[in-house]
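Notes follow the structure.
Chain letters run A, B, ... following the sequence lines, proteins first, then strands; residues in each count from 1. Every heavy atom of this structure was used, including side-chain atoms; hydrogens, water molecules and symmetry mates were not.
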There are 2 protein chains.
Amino acid sequence: MAGLARYMAVLRLFSEGMPTWTVAEMADALQVPQSTAYRTVRDLLSEGLVEMSSEARYRLGPAFIEFDRLTRLTDPLMQAGADVLRALVQEAGVPGVALLCRLYGGEVMCIADHVSPEASFSPSYERGKPMPLTQGATSKAILARLPAKRLSKLIGADAVETMRAELAAIRRAGFCLGRGEIDEGLAGIAVPIVCEPEGLVASLSLVVESHRLAGAREERLRHLVMSAAHEIENLLNHDHQARGPVLPSGEAVGGAD
Amino acid sequence: MAGLARYMAVLRLFSEGMPTWTVAEMADALQVPQSTAYRTVRDLLSEGLVEMSSEARYRLGPAFIEFDRLTRLTDPLMQAGADVLRALVQEAGVPGVALLCRLYGGEVMCIADHVSPEASFSPSYERGKPMPLTQGATSKAILARLPAKRLSKLIGADAVETMRAELAAIRRAGFCLGRGEIDEGLAGIAVPIVCEPEGLVASLSLVVESHRLAGAREERLRHLVMSAAHEIENLLNHDHQARGPVLPSGEAVGGAD
DNA sequence: GTCATATTCTCAAAAAATGAGAAATATGGA
DNA sequence: TCCATATTTCTCATTTTTTGAGAATATGAC
């Protein structure tokens, strides 16, 4: 293991279940001598990617918080999604959680969420937590709009075959409804979001308690989520067009240096 | 430049003002040949630290969101602070923003914030944004409790001399009040938080509009912030004690693998 | 198809990482 | 305070990786 991979291997050791590590533990887990592990940790330390906890233990450092903020401020999907998520939850009128999710390696990850103040539950999907690719409305909505080539590379030709009908149905309907697939008692309505020029495939979903999703309300919420998703798509496309060399109005647009 | 530093140099190029970069621009900014820049970007890409935007431009990747979540879930200060921040803003009874800040390299960074629903302003301090070390109540509260050696290493012996009286006053009073030091029209009440065993120095602050901070209310809010800060300190110390080898109750404590 | 641009590849030279143990430093307890 | 112990850095010859320049290849627009 060399270069960046070695550093990332150390960072990937840290988890919810094991949030602090001694250098000896790291060396053991990665099968490298301690002197090497010490050097690696020293480098990570100086960049703020790792920091000392008590008693010779190390934990993830504050640099991630800084980069996360930059991501929040500059990722077009998050920018477009923030207000829409808030509005969606408010207009839903029932306790719920709105999620904006995307592909992340071989998984799906929520990159923005908004919880309504009355919601007393929290879905497994939450900002920054990788989730399985083939379960849950949120993930399936993404798979449904993935180019065939990328899809089979991700989940394999067999799995593509198994899901073909289901994904086609989602494409046709424009949404995916899942009840208790991930969390017992919760239901999700998910709608794909695609932005061709940026090459991104994501999904917007609303999670509510299953028992609240019946009859006319189900249809109303479905339409809400679909129109919110289209709003995000439009924002993404507008932003993209606004990138051209000439600004539509004569007004100068202020920007940071 | 070698090892991790080279990768971080690329990541540090991305900013609010310049959120996407071409490889040619990176090579130029860092004074390295393009072939080297391409290799570096390829590595970052495969780890999700960078991702492609449109048209040969790259931006920060989603890996930071994942690590940020882990940080949020496992950093003892953020864990202890989350509920306290919320409660503080609620009990304050005026529109305000509660901030939990800490040292980050040669700067101060907010690691958690909570904005009251009625607040129509937002202070310059916000989660993940590095701020100057010597300005603002929030930063000064941290400096006040920093060991002398660390302090002079950070800001230099001259600056220490200049601030000596001010910092001593903060230590004596147990808080720092700043009016418009950072943001015109806003005032901050900041209280230091120290956890010896973890070696951490931080501060809790409440930012409100200056005109709301008068007479009895100022004193009431000051006491609120101080008791909230002490609550965080207590939580940190309790957690630390609970780390001992024997659990107080016979009940098994479930943990991730 | 051709062109321009973006990206990967090639290879010998240069630089950096490696590992084992010694040395230095910090830590906590009498 | 000093000592015993654990943690961290350092040393240096060897191995491995990175580097840089340009060639080769892919990608995409026209």
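In this model, the phosphate group of D/dG20 is not approached by any side-chain N or O of B/Ser35 to a distance below 4.0 Å at OP1 or OP2. Taking 4.0 angstrom as the limit, A/Tyr38 places a side-chain polar atom (N or O) nearer than this to OP1 or OP2 of D/dT8. A sub-4.0 Å separation between OP1 or OP2 of D/dT7 and a side-chain N or O of A/Tyr58 is absent.
Judged by distance alone, the side chain of B/Asn237 and the main-chain N or O of B/Glu233 form a donor-acceptor pair under 3.5 Å. When atom types are taken as modelled, the side chain of A/Thr74 and the backbone of A/Leu70 share a donor-acceptor pair closer than 3.5 angstrom. At least one donor-acceptor pair under 3.5 Å links the side chain of A/Gln31 to the backbone N or O of A/Asp28. The closest donor-acceptor contact from the side chain of B/Arg57 to the backbone of B/Thr20 lies under 3.5 Å. With A/Gln79 contributing its side chain and A/Leu73 its backbone, the two residues share a donor-acceptor pair below 3.5 Å. Put simply, the side chain of A/Glu25 gets close to the backbone of A/Thr22: a donor and an acceptor are under 3.5 Å apart. Under a 3.5 Å cut-off, the side chain of A/Ser139 and the backbone N or O of A/Gly136 do not form any donor-acceptor pair.
For DNA chain D, the neighbouring residues in residues 2-9 of chain A, judged by any heavy atom under 4.0 Å, are A/Ala2, A/Gly3.
Note that the first and last nucleotides of DNA chain C, 5' to 3', having any atom under 4.0 angstrom from a heavy atom of chain B are C/dA6 to C/dA17.
When the P atom of D/dT27 is taken as reference, atom CD of B/Glu55 falls 17 Å away, rounded to whole Å. In this structure, CZ of B/Arg57 is placed 17 Å from P of D/dG28, rounded to the nearest angstrom. Rounded to an integer number of Å, the gap from CG of B/Leu44 to C1' of D/dT18 is 15 Å. Put simply, CD on B/Gln34 is 15 Å from P on D/dT19, counting in whole angstrom units. One can place CZ of A/Arg39 at 14 Å from C1' of D/dT17, the figure rounded to the nearest angstrom.
Within the helix from C/dG1-D/dC30 to C/dA30-D/dT1, the inter-axis angle between the opening and closing five-pair segments is 70°, rounded to 10°.
Map A/Val23 and A/Met1 each onto its nearest nucleotide of DNA chain D; the residue landing nearer the 5' end is A/Val23.
A perpendicular orientation is assigned to the rings of B/Phe14 and B/Trp21, their planes being inclined by more than 60° (bins at 30° and 60°).
Around CD of B/Glu107, the count of heavy atoms belonging to other residues, nucleotides or ligands within 6.0 Å exceeds 12.
Contact check on B/Lys129 versus A/Glu66 returns no salt bridge, with no Lys/Arg side-chain nitrogen under 4.0 Å from an Asp/Glu carboxylate oxygen. A salt bridge links A/Arg72 with A/Asp68: the distance from a Lys NZ or Arg NE/NH1/NH2 to an Asp or Glu carboxylate oxygen falls below 4.0 Å.
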